[in-house]
Amino acid sequence: MATRAENLLDWLRDAHAMEQQAEKMLKAQASRLEHYPKLKARIEEHLSETVGQRELLEGCLERLGEKPSTVKDIAGKLAAFGQALGGSLMSDEVIKGAMSGYVFENLEIASYTVLIAAAKAAGDGETRRVCEQILVQEQAMADWLKQHLPELTQAFLARSEAPDTQAKR
């Protein structure tokens, strides 16, 4: 049986690993994008936010006398590597990457929603504030992706049909 504080710490470690995974995925995706400058710019912007989010989570863990989970962090990095490698092999990499990004943002939104409730239940106002700050950024990225998926799809389809034009990146 775990206390509210113990669950909060476990979920903070999960979130830290999730942000490390996101950081690795975003870096890989941004480095490969060639023909979609708006998407690349937004991914690079969110990458910067993600680094800050990871640092905020590290601060929460340190304040609570804990450290990130090495095992969870390694697992997250391995998962990101697999996703990046798998995506790079697809002929529609940019579309699959944007779809995966949208799904991942919604996973993060759910995670921070849980963390906010757990921090409130554990009486940890600082962790709650940090998670609320991060949640806003995750929601903004998910909204941006959702709004731009149709435009990105149209750009991909046009490039895909054009002779001597690469569409995947």
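- Salt-bridge formation is detected for the pair E151/K38: a Lys NZ or Arg NE/NH1/NH2 atom is positioned less than 4.0 Å from an Asp or Glu carboxylate oxygen.
- Across all their heavy atoms, L12 and L115 have their closest contact at N-CD2, 3.8 Å.
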Steps toward side-chain contact (heavy atoms from CB on, under 4.5 Å) verdict (M18, F104): CA-CA 9 Å; M18 178 179 65; F104 196 83; 3.7 Å; yes
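- How far CD of E19 is from CD of E55: 11.5 Å, rounded to the nearest 0.5 Å.
- Here NZ of K27 is found 10.5 Å from OG1 of T50. Values are rounded to the nearest 0.5 Å.
- Q29 and A98 make their closest contact through NE2-N, 3.7 Å (heavy atoms, listed as atom of the first residue, atom of the second, distance).
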Derivation and outcome, side-chain contact (heavy atoms from CB on, under 4.5 Å), residues T3 and L8: CA-CA 9 Å; T3 67; L8 176 61; over 6 Å; no
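- Scanning both residues, I43 and A30, for their nearest heavy atoms gives CG2-CB, 3.9 Å.
- Within the model, atoms OH of Y102 and CG of L149 stand 8.0 Å from one another, a figure rounded to the nearest 0.5 Å.
- Using a cutoff of 4.0 Å between basic side-chain nitrogens and carboxylate oxygens, K96 and E93 are not scored as salt-bridged.
- Atoms CD and CD, on E23 and Q20 in that order, are 6.5 Å from each other to the nearest 0.5 Å.
- Heavy atoms only, all atoms of each residue included: V94 and L39 are closest at CG2-CD2, 3.6 Å.
- Residue C131 holds its SG atom at 9.0 Å from CG of L56, rounded to the nearest 0.5 Å.
- Hydrophobic clustering places L157 together with L152 (ILVMFWY residues linked when any side-chain heavy atoms are closer than 4.5 Å, directly or through intermediates).
- A salt bridge does not link K67 to E62: none of the charged nitrogens lies less than 4.0 Å from a carboxylate oxygen.
- Within a 6.0 Å sphere centred on NZ of K120, heavy atoms belonging to other residues, nucleotides or ligands number 12 at most.
- Between atom CG of residue L107 and atom CD of residue Q21 there is a gap of 8.0 Å, rounded to the nearest 0.5 Å.
- No donor-acceptor pair under 3.5 Å is formed between the side chain of T127 and the backbone N or O of D124.
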Give the C-alpha distance, both sets of side-chain angles, the deciding distance and a yes or no for salt bridge (Lys or Arg N to Asp or Glu O under 4.0 Å) between R129 and E132. CA-CA 5 Å; R129 184 196 62 75; E132 287 170 343; over 6 Å; no
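- The shortest non-hydrogen separation linking Y36 to F156 is OH-CA, 3.5 Å.
- Judged by distance alone, the side chains of R54 and H16 never bring a donor and an acceptor atom under 3.5 Å apart.
- Crowding of R4 atom CZ: a count of heavy atoms from other residues, nucleotides or ligands under 6.0 Å not exceeding 12.
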Mind running side-chain contact (heavy atoms from CB on, under 4.5 Å) on L9 and R13 for me, showing each step along the way? CA-CA 6 Å; L9 284 170; R13 287 187 205 97; 4.1 Å; yes
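- Each ring-ring contact (aromatic ring centres under 6.0 Å, His included) pair with one or both residues in residues 126-146, not counting sequence neighbours, appears once here: W144-H148.
- Minimum interatomic distance between L145 and G101 (heavy atoms only, all atoms of both residues): CD1-C, 3.6 Å.
- Contact annotation: the side chain of D14 never approaches that of S111 to less than 4.5 Å [non-hydrogen atoms, C-beta and beyond].
- With D10 contributing its side chain and E6 its backbone, the two residues share no donor-acceptor pair below 3.5 Å.
- Qualifying side chain to side chain contact (heavy atoms under 4.5 Å, CB included) partners for E49, counting only residues two or more places apart in sequence or in other chains: R42, E45, H46, Q53, Q137.
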